[in-house]
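So you know, we letter chains A, B, ... as the sequences are listed, proteins then strands, and number each from 1.
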Amino acid sequence: MKAQPVTNLYDVLKTRGFIEQVTDEDIRRIIAEGPVVCYIGFDPTATSLHVGSLVPIMALAHAQRNGHRPIALVGGGTALIGDPSGKTEMRQILSLDQVRANAGALKRQLSNHISFEKGGAVLLNNADWLEPLNYIEFLRDIGRHFSVNRMLAAESYRMRLETGLNFIEFNYMLLQAYDFWYLFRHHGCLLQMGGNDQWGNIVAGIDLIRRIEGKQAYGITFPLITTALGTKMGKTERGTIWLDGALTTPHEYYQYWVNTDDADVERFLRLFTFLPMDEIAEAGALRGSELNMAKSVLAFEATRITHGEDAARAAWRAAVTTFGLRPLDPAFMPSSHIPRQKEEADTSAIPSMIKRREVFERGIAAFELFQEVNLCASRGEARRLIEQGGGYVNDYQIRLFDEKIGIEHVTDRGEILLRKGKKTYFRIIVK
RNA sequence: GGAGGGGUACCCGAGUGGCCAAAGGGAGCAGACUGUAAAUCUGCCGGCGCAGCCUACGGAGGUUCGAAUCCUCCCCCCUCCA
């Protein structure tokens, strides 16, 4: 093993495609001089983070890997206000209880990517300092530093000035600026990162720090990541790809990544894995169906990062059993832990449901079964699916929509494998 | 508060008494072609064992043999005036 080359976090982020805007290029020099405390805010607006939050999460992980100290800030306080940036309508304001519950879930998930062990990353909740704020004091100490004229000029508000912006949302920028100042003062945080829609809020924080402390702080924003098709990251036909394994199984998660558009593979390997850049460049040079190897690696690594190695291997085995093995040359992307040759067939990662043996002794119409396991939303849909030739049992195409599925379909593994179309599998465990 | 415009399926959007389960587009699903990619082409796209029935055009009533379409009241959104 050769020694790890000295890397600059800024360069890492830059070459991997994380940087859209920087408030001041000096940040590169400052990062080179020593460990820096940096922070990114996460809104606890849902019970889980999703793939769309992966860019900031990976950025924090890179910071940690390069010897810096990341702060993940849960916006428990600001979520009570609602950030108007980049939104055309007012966001639903969450209740205190919802925010608290979501903040807890968020904490658990972030710890898959970042180590909060002693001396590592820090997880803070801005409710801790925002809630005790006193309105009059806040206006006198913080509010006086803000120019309404300048705030109105901010891109994040301009759009909303047309549709309407109410006072509570208008204050969001002050609170986020206050967060940055608070973290600067109490945690020595010099750098805030965030999505490009956060630019105005980040700059406001830097200004506030300059005014109160007379010191310089920095900001980096990430590009908005969309797929080659122009869709948002992590949003699919079937819904959001969550990071919580209970909401999106590791198998679905793996499948999401393995279905990446050709044009996105190299970019996604840079953003969503830790594999070295030279290996990624090599993978990106592949053409046509060869790119599928790179997609497997992407899927495996992305799944490994959020769900762990075991889950990733199980998802890989399920993919290999249903879609066939693609042997990988050991010399191809050697840093990846992806299995490279045949392992035992294993479908355990495929979503499943337990059904009683009697059901199949009696026999059940295929379309009914497809609807019952939720492969189809209604019986009508299941019926159409099968009539159009998209229904399979154990990889045999069903001809009649009401074909009886019986005990003879149960495999020696005690399962029935249903398939919808080319790639949606469902496993019935017969007990 | 006054005047006007509007609320149609997942989204956009046509329809202004029967031919409307509602044009067209997008999204989605399936099939063909492929590489678990994209593009393209074809079919499907409210529910129900489906030549029939049920539910649906903001909500509640009403007129009519028949209403998304006409009338009344209510709710919501937008524009202009105050």
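- Less than 4.0 Å separates RNA chain B from no heavy atom of any residue of residues 297-311 of chain A.
- With sequence neighbours excluded, the residues that form a salt bridge (Lys or Arg N to Asp or Glu O under 4.0 Å) with A:D11 are A:R28.
- Near RNA chain B, defined here as any heavy-atom distance below 4.0 Å, the residues from residues 286-295 of chain A are A:G288, A:S289, A:N292, A:K295, listed numerically.
- Checking B:rA56 for Watson-Crick or G-U wobble geometry (two distances, each under 3.5 Å) identifies no partner in any strand.
- Side chain of A:R144 to main chain of A:R140: a donor-acceptor pair is present (N/O by atom type, distance under 3.5 Å, no hydrogens or angles).
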Below 3.5 Å between N/O atoms, which protein atoms pair up with nucleotides 44-47 of chain B? Just atom names and distances, please.
| from | atom 1 | to | atom 2 | distance (Å) |
| --- | --- | --- | --- | --- |
| B:rC44 | O4' | A:Q388 | OE1 | 3.3 |
| B:rG47 | OP1 | A:S378 | OG | 2.7 |
| B:rG47 | OP2 | A:R384 | NH2 | 2.8 |

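- With sequence neighbours excluded, the residues satisfying salt bridge (Lys or Arg N to Asp or Glu O under 4.0 Å) with A:E358 are A:R356.
- OP1 and OP2 of B:rC33 both lie 4.0 Å or more from every side-chain N or O belonging to A:K422.
- For A:Q64, there are no side-chain hydrogen bond (donor to acceptor under 3.5 Å, both in side chains) partners, not counting sequence neighbours.
- OP1 or OP2 of B:rG31 lies within a sub-4.0 Å distance of a side-chain N or O belonging to A:Y392.
- The residue among A:L385 and A:Q371 whose nearest nucleotide of RNA chain B is located toward the 5' end is A:L385.
- Residues satisfying the side-chain hydrogen bond (donor to acceptor under 3.5 Å, both in side chains) criterion with A:S111, sequence neighbours excluded, are absent altogether.
- Judged as a side-chain hydrogen bond (donor to acceptor under 3.5 Å, both in side chains), and not counting sequence neighbours, the contacts of A:S296 are A:R326.
- The side chain to side chain contact (heavy atoms under 4.5 Å, CB included) test applied to A:S378 returns A:E381, not counting sequence neighbours.
- Residue pairs meeting the salt bridge (Lys or Arg N to Asp or Glu O under 4.0 Å) criterion with at least one member in residues 262-277 of chain A, sequence neighbours excluded, are A:D262-A:K295, A:D264-A:R267.
- For A:F323 and A:Y425, the gap between ring centers is short of 6.0 Å.
- Screening residues 45-73 of chain A for salt bridge (Lys or Arg N to Asp or Glu O under 4.0 Å), with sequence neighbours left out, gives no hits.
- Looking at residues 312-323 of chain A, you'll see A:A319, A:F323 sit with a heavy atom under 4.0 Å from some atom of RNA chain B.
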